[in-house]
Amino acid sequence: MYQPFNIGKQFRIVPAGTEPLSDRTDIVMARGAFGSGEHETTANCIDIMETLDLAGLTFLDLGSGTGILSLAALKLGAKCGLCVDIETAAVKSARLNCELNEIGSEIEHRCGTLELVTESGFDLVLANIYGDILLALCFELVAKVKPGGILLLSGILWEYNYDVQNKFERAGCKVVKNKLLEEFSTVLLIKG
Amino acid sequence: MTSPKLSTLMAVRNEEQYLAAALDSLRRQTLTDWELVVVDDGSTDATADILTTYADKDQRFRVFYQPADGLVSALKQGWKHCRSELIARMDGDDICHPQRFARQYAFLTEHPDIDLVATNIRHFPNQQVKGGMRHYESWQNSLVEHSQIIRDLFVESPFTQPSVMFRKTSVESVGGYRDMGWGEDYDLWLRLALAGHRFARIAETLFFWREHPVRLTHQAEEFSLDAFRRCKAHFLQQSYLKGHTKVTLWGVGQEGKAWRKVLLAAGIDVVHWIDVDPGKIGQIIHQAPVTTPETLKPDCGPMLITIGARGARQQVREKCTELGLTEGANYVCVT
């Protein structure tokens, strides 16, 4: 059990069974572990997602962890998404958190790497994973997004920030926002 | 024209691939009153165009050109144009944390007794970084206080050059940069130490050191292991080994034998070997006996620890303490 805490302008992370408040949308998370919103990259991704119009969008959440970004995306109006994580425990945790938030068929869960994702044409890609992995997956990841689609990349250590921006620009994206945090950074891009 | 709070000195050649990232990391510094003195040492790629673009939009970027003449020549050329008493070094392929200048500037301002301050460093990108580099990174970052840096001064170069900030007058007092056929940075640190200047490290990761196959450290003869040994022997002769012509080496391996050659060329004979390998104890190698550590006494004369194996240094230090030997007086670690 943990104390509820606010994240972004409109969300509150709460344990199951917490009474709702009127001014914030609750995201129920099984426990307040890493990836439940305390980390600066998660919080920053949610800050940025709140500024976007996600209504009706489809998304891919690569490195989905606890599923918090996917849950926020759905609560911000996204239609449906695909959560992918290489860790079995992470997939299990994301499934549980979806159940706690009464999310069912809107989210599909897969355990593995980007290679498992044969679909493309997503409106939005969320990838809160390390910068060096983003660099390695750049072209494959961009190929998953439809033209005009959005990529929200985070988990990028400072030293990789420039290289990530540069490589994704070379892959046909435009940097819309680049936020440097304490240790990590977040980059928001639009595919041209 | 007034002097900025600090000058940043950079020398580049054919750095088009990473230069913009390095320059952008300077533009992101929270301390904004700096100048960059960058010397293009005869680049043949787009380096000059990149530098011009930055200089055109930001007058803090001061670019100088010279025909290709080498790193030391370019640093000396740039040095003449640095207007501040505090100089930060930087390379064209690395990244600074935005707080780097602010932290180092504040440190040197608050600690007038310190002449050079480094920061913790971190190699990147992960896929390129081999185990040895991580080990070097962790060793370097562990040396925070002046006494720790001095104790390990002959083990390896204790600072990543582009991560340091130093006082111009201190460096000038020991002759500035020079080319001796070994790393100009290590040469400078050793001269500063010999002259009694003081070092420190800010134990925060404020510098990101890019690893790539064409990095100068991997290519130039000045950074070969043999050049390092020659450099160390040169300075040991002026400090710990001053006035000595005979020495004991602990470690009868390849490293020890390579050290023997370098010392011999400097006029110093290895008269005694120490080893723990039963197969080597009792042998005579190059006219010098091999004995166990237990035969050591404080009056045995100077001894260099030349064991190449990772992790052995700490074991040797513990054994020496057990034997009543004092580091810096009875022995010095050179590997």
Side-chain angles (χ1 to χ4, degrees), chain A residues 34 39-41 43-44 47-48 62-63 65 85-87 113-115 127-142 153-189, chain B residues 10 15-32 46 50 53-54 90-103 119-130 133-134 137 141 160 162-163 202-215:
Chain A
F34 183 89
H39 197 260
E40 63 173 5
T41 59
N44 186 239
D47 282 343
I48 292 175
L62 185 67
D85 202 293
I86 199 163
E87 299 282 344
T113 62
L114 188 59
E115 286 175 8
N128 189 5
I129 50 181
Y130 284 109
D132 51 344
I133 300 174
L134 287 170
L135 287 172
L137 296 179
C138 172
F139 292 98
E140 291 87 341
L141 203 54
V142 172
L153 313 178
S154 197
I156 307 160
L157 282 165
W158 255 93
E159 57 265 42
Y160 295 95
N161 177 269
Y162 185 91
D163 291 349
V164 168
Q165 287 187 64
N166 200 267
K167 190 157 185 182
F168 278 79
E169 281 181 335
R170 277 191 281 124
C173 299
K174 186 181 170 206
V175 176
V176 177
K177 192 173 281 186
N178 184 45
K179 180 73 178 172
L180 302 165
L181 310 167
E182 276 296 306
E183 193 179 5
F184 293 85
S185 62
T186 307
V187 184
L188 178 69
L189 305 110
Chain B
M10 178 189 283
E15 204 64 85
E16 65 176 5
Q17 195 175 352
Y18 306 116
L19 185 58
L23 299 180
D24 276 355
S25 78
L26 298 184
R27 296 191 72 193
R28 289 167 173 171
Q29 292 298 303
T30 55
L31 188 157
T32 55
I50 295 167
T53 305
Y54 278 80
M90 176 63 183
D91 281 347
D93 52 354
D94 300 320
I95 305 277
C96 296
H97 188 280
Q99 293 283 345
R100 178 196 162 187
F101 285 176
R103 293 273 215 282
T119 76
N120 278 7
I121 58 147
R122 186 162 70 214
H123 283 93
F124 79 103
N126 271 336
Q127 296 92 330
Q128 300 276 343
V129 183
K130 308 280 192 307
M133 299 307 285
R134 284 279 178 235
E137 173 186 301
N141 290 344
T160 296
S163 75
I202 299 171
E204 295 174 60
T205 306
L206 300 173
F207 184 81
F208 307 111
W209 203 12
R210 192 188 294 273
E211 175 67 9
H212 55 88
V214 293
R215 212 172 83 185

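Every chain is numbered from 1 and lettered A, B, ... according to where its sequence line falls, protein lines coming before strand lines.
Judged by distance alone, the side chain of B/Asp91 and the main-chain N or O of B/Asp93 form no donor-acceptor pair under 3.5 Å.
Across all their heavy atoms, A/Cys173 and A/Val142 have their closest contact at SG-CG2, 3.8 Å. Scanning both residues, B/Met133 and B/Val129, for their nearest heavy atoms gives CB-CG1, 3.8 Å. The two residues B/His123 and B/Glu211 come nearest to each other via the heavy atoms CD2-OE1, 4.3 Å. In plain terms, the two heavy atoms of B/Cys96 and B/Met90 that are nearest each other are SG-SD, 3.4 Å. In terms of heavy atoms, B/Gly92 sits closest to B/Glu15 at O-CG, 3.2 Å.
With a 4.5 Å cut-off on side-chain heavy atoms, B/Asn126 and B/Arg134 count as touching. When side chains are defined from C-beta on, A/Leu157 does not count as touching B/Phe124, because their heavy atoms never get closer than 4.5 Å. Within the 4.5 Å cutoff, side-chain heavy atoms of B/Tyr54 are placed close to those of B/Asp24.
Listed in order of number, the residues of residues 174-184 of chain A that approach chain B to under 4.5 Å between heavy atoms are A/Asn178, A/Leu180, A/Glu182, A/Glu183. Within residues 159-168 of chain A, the residues having any heavy atom under 4.5 Å from a heavy atom of chain B are, by residue number, A/Glu159, A/Tyr160, A/Asn161, A/Tyr162, A/Asp163, A/Gln165.
Shown here is A/Glu140, whose CD atom has more than 12 heavy atoms of other residues, nucleotides or ligands within 6.0 Å.
Chosen from B/Gln127, B/Gln99, B/His97, B/Arg122, the residue pairing most often with chain A at heavy-atom distances under 4.5 Å is B/Arg122.
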